[in-house]
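Below: one structure, written as structure tokens.
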There are 2 protein chains.
Amino acid sequence: MAKDLKKEAKKRIFDAAVSLFARKGYAAVGIREIAKKADVNICMINYYYGGKVGILREIINECYEKYYRAITHVDINDIPLEQCVRAIIKNLVAFFRENTESALVAFNALSFDIPEIVDLKTRWTVEYREKVNKFFSQIGLDTSDATQMNFVHGLLTTIVESHFTRRFFYEHIIGTGTLAKSREANVLPEPALDYDDAFYENFTEMLTNFYMHGVTGIATKKHEKMSGEQVCIEK
Amino acid sequence: MAKDLKKEAKKRIFDAAVSLFARKGYAAVGIREIAKKADVNICMINYYYGGKVGILREIINECYEKYYRAITHVDINDIPLEQCVRAIIKNLVAFFRENTESALVAFNALSFDIPEIVDLKTRWTVEYREKVNKFFSQIGLDTSDATQMNFVHGLLTTIVESHFTRRFFYEHIIGTGTLAKSREANVLPEPALDYDDAFYENFTEMLTNFYMHGVTGIATKKHEKMSGEQVCIEK
DNA sequence: CATCTCCTTAAGCGAACGTTTGATATAATC
DNA sequence: GATTATATCAAACGTTCGCTTAAGGAGATG
């Protein structure tokens with residue numbers, strides 16, 4: 001019984017911090033605000049997490065673990081390439097749907113005055129580099145082409161993340177009094193969307209098509225360019 | 001002569017703030033740090049900008065003005081669509097190259113505890129919505145398709161921005177002592193790139209191809225889907 | 001019961017926060 | 001030079017910051 005309550009205080013701190021960090025950013029949120037929202041004494045933050053930065057560390061670790069599991073939890077050897085891309089996108093979308101706030105916190109937590117956090121995020125990136133590169137070579141990209149790799153690196157994640165960032169933004173300013181009522185009516189870029197399963201199936205399909213065609217376009221152009229250069233040499 | 005010095009103090013504050021906000025985020029930077037970096041007394045910040053948030057307001061205004069000029073400063077009526085897209089991307093890339101730091105500040109400045117900033121950014125978005133929608137309809141997208149519009153909205157900007165964000169990140173942790181030396185060697189995802197004009201011409205071409213093929217893929221799939229539905233109805 | 005472990009608290013520390021006030025210096029204008 | 005406008009400064013305000021310390025409460029164990 002008491003053990004359950006213990007875990008609850010720690011979890012409440014975590015959840016409160018995720019919510020507040022997502023809305024205001026890490027630096028703008030103080031431990032007193034977190035403690036109040038979590039209904040604990042502020043010393044609990046040092047007790048359970050070693051301090052404010054400890055919360056962020058755990059948010060990032062939890063989030064990155066889920067994220068990398070999502071993008072690597074696809075057996076890319078047994079299914080056609082397009083299905084592989086679709087599966088990854090589907091996992092990505094599911095990841096962001098289930099962890100919207102903590103993902104926003106973790107992915108945006110980049111401040112050069114917290115070396116520990118810079119270091120931590122770099123470690124995660126380096127650790128998964130090989131798996132990510134394997135995926136790229138499988139879809140036909142030239143992993144030795146530095147520009148191409150620079151271009152596609154993290155592209156799917158970026159696109160999905162920006163979608164959820166925008167959705168979060170709209171959902172948290174509409175109806176909260178942050179905007180004047182007269183402006184709220186104008187702020188939606190399109191009719192209000194119902195972000196249900198059907199929407200995200202559709203979204204996944206759209207992104208899969210977009211990405212597959214896009215990447216094919218890059219690979220095709222590169223091939224044509226090389227052919228063109230041979231023609232020039234022969235002339 | 002004195003007028004020049006006057007402008008210099010105000011400009012120095014602006015530049016110092018841009019630099020610091022880009023590295024640490026708005027909330028983590030204090031006015032004393034800005035004043036020190038700009039070599040002025042801290043009261044100058046209130047005098048010239050009405051306070052800390054005033055600097056951010058001007059960064060956003062300056063940046064958004066340049067940004068929207070960049071993406072709308074293309075006459076979309078007189079040139080083929082692909083060239084139009086290429087021109088927009090070229091403008092976008094130029095914008096981010098010339099305003100990397102202030103762009104990072106402006107685009108990341110989203111905190112729900114500063115209603116003024118939320119409001120300001122919303123105003124800019126609403127103001128340019130019509131022009132942006134016109135562009136989308138020109139490239140063949142169905143502007144009445146809410147999901148499609150949600151998908152492509154801000155997509156080019158997102159992709160270019162994420163490239164510059166990553167570049168900024170790498171350039172500012174390599175060699176600064178933030179990372180252990182042993183990890184620095186591992187952090188580059190590919191051979192060091194020279195971000196010269198040639199690179200960005202190549203990048204622009206790549207993104208143009210990617211985007212055009214991607215968008216065509218979406219429009220084509222939508223057309224096929226509709227045809228398929230007709231077939232089902234006839235059977 | 002005594003002891004240990006874990007959890008929780010109140011109070012406090014030194015530092016920093018953004019803004020304000022009043023004074024002074026400098027520049028511009030007549 | 002006198003006056004006005006602008007720029008700059010030091011000092012101070014009330015508040016907040018993350019972390020620490022010491023104490024006490026609750027539960028587990030022998």
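As the structure is a prediction and not an experimental result, all values here were calculated from the model.
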- Task: Look at the rings of B/F107 and B/Y67 and say which category their plane angle falls in: under 30° parallel, 30 to 60° tilted, over 60° perpendicular.
- Result: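 Answer is perpendicular, since the angle exceeds 60°.
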Separation of atom [atom1] in [X] from atom [atom2] in [N], rounded to whole Å:
X: A/I13; N: D/dC19; atom1: CD1; atom2: P; answer: 13 Å
X: B/I55; N: C/dC17; atom1: CD1; atom2: C1'; answer: 14 Å
X: B/I45; N: D/dA10; atom1: CD1; atom2: C1'; answer: 16 Å
X: A/I42; N: C/dG12; atom1: CD1; atom2: P; answer: 13 Å
X: A/E33; N: D/dT16; atom1: CD; atom2: P; answer: 11 Å
X: A/Y49; N: C/dC6; atom1: OH; atom2: P; answer: 18 Å
X: A/R32; N: D/dG18; atom1: CZ; atom2: P; answer: 7 Å
X: B/K52; N: C/dA16; atom1: NZ; atom2: C1'; answer: 11 Å

Minimum-distance nucleotide to [X] side chain [options: [options]]:
X: B/C43; options: D/dT8, D/dA10, C/dT9; value: D/dA10
X: A/N41; options: D/dC9, C/dC6, C/dA10; value: C/dA10
X: B/Y47; options: D/dT6, D/dT21, C/dT20; value: D/dT6
X: A/I31; options: C/dT9, C/dT21, D/dG18; value: D/dG18

- Does OP1 or OP2 of D/dT20 have a side-chain N or O of A/N46 closer than 4.0 Å?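 For D/dT20, OP1 or OP2 has a side-chain N or O of A/N46 closer than 4.0 Å.
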- Message: Need one value for A/V53: base, sugar-phosphate or nothing, where a base atom within 4.0 Å counts as base even if backbone is also close, heavy atoms only.
- Response: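 Here A/V53 touches no strand at all.
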Are [X] and [Y] within salt-bridge range, i.e. N to O under 4.0 Å?
X: A/R97; Y: A/D197; value: yes
X: A/E127; Y: A/R123; value: no
X: B/E98; Y: B/K66; value: no

- With no hydrogens and no angle check, do the side chains of B/Y200 and B/H163 hold a donor and an acceptor under 3.5 Å apart?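 Note: B/Y200 and B/H163 side chains meet the donor-acceptor criterion.
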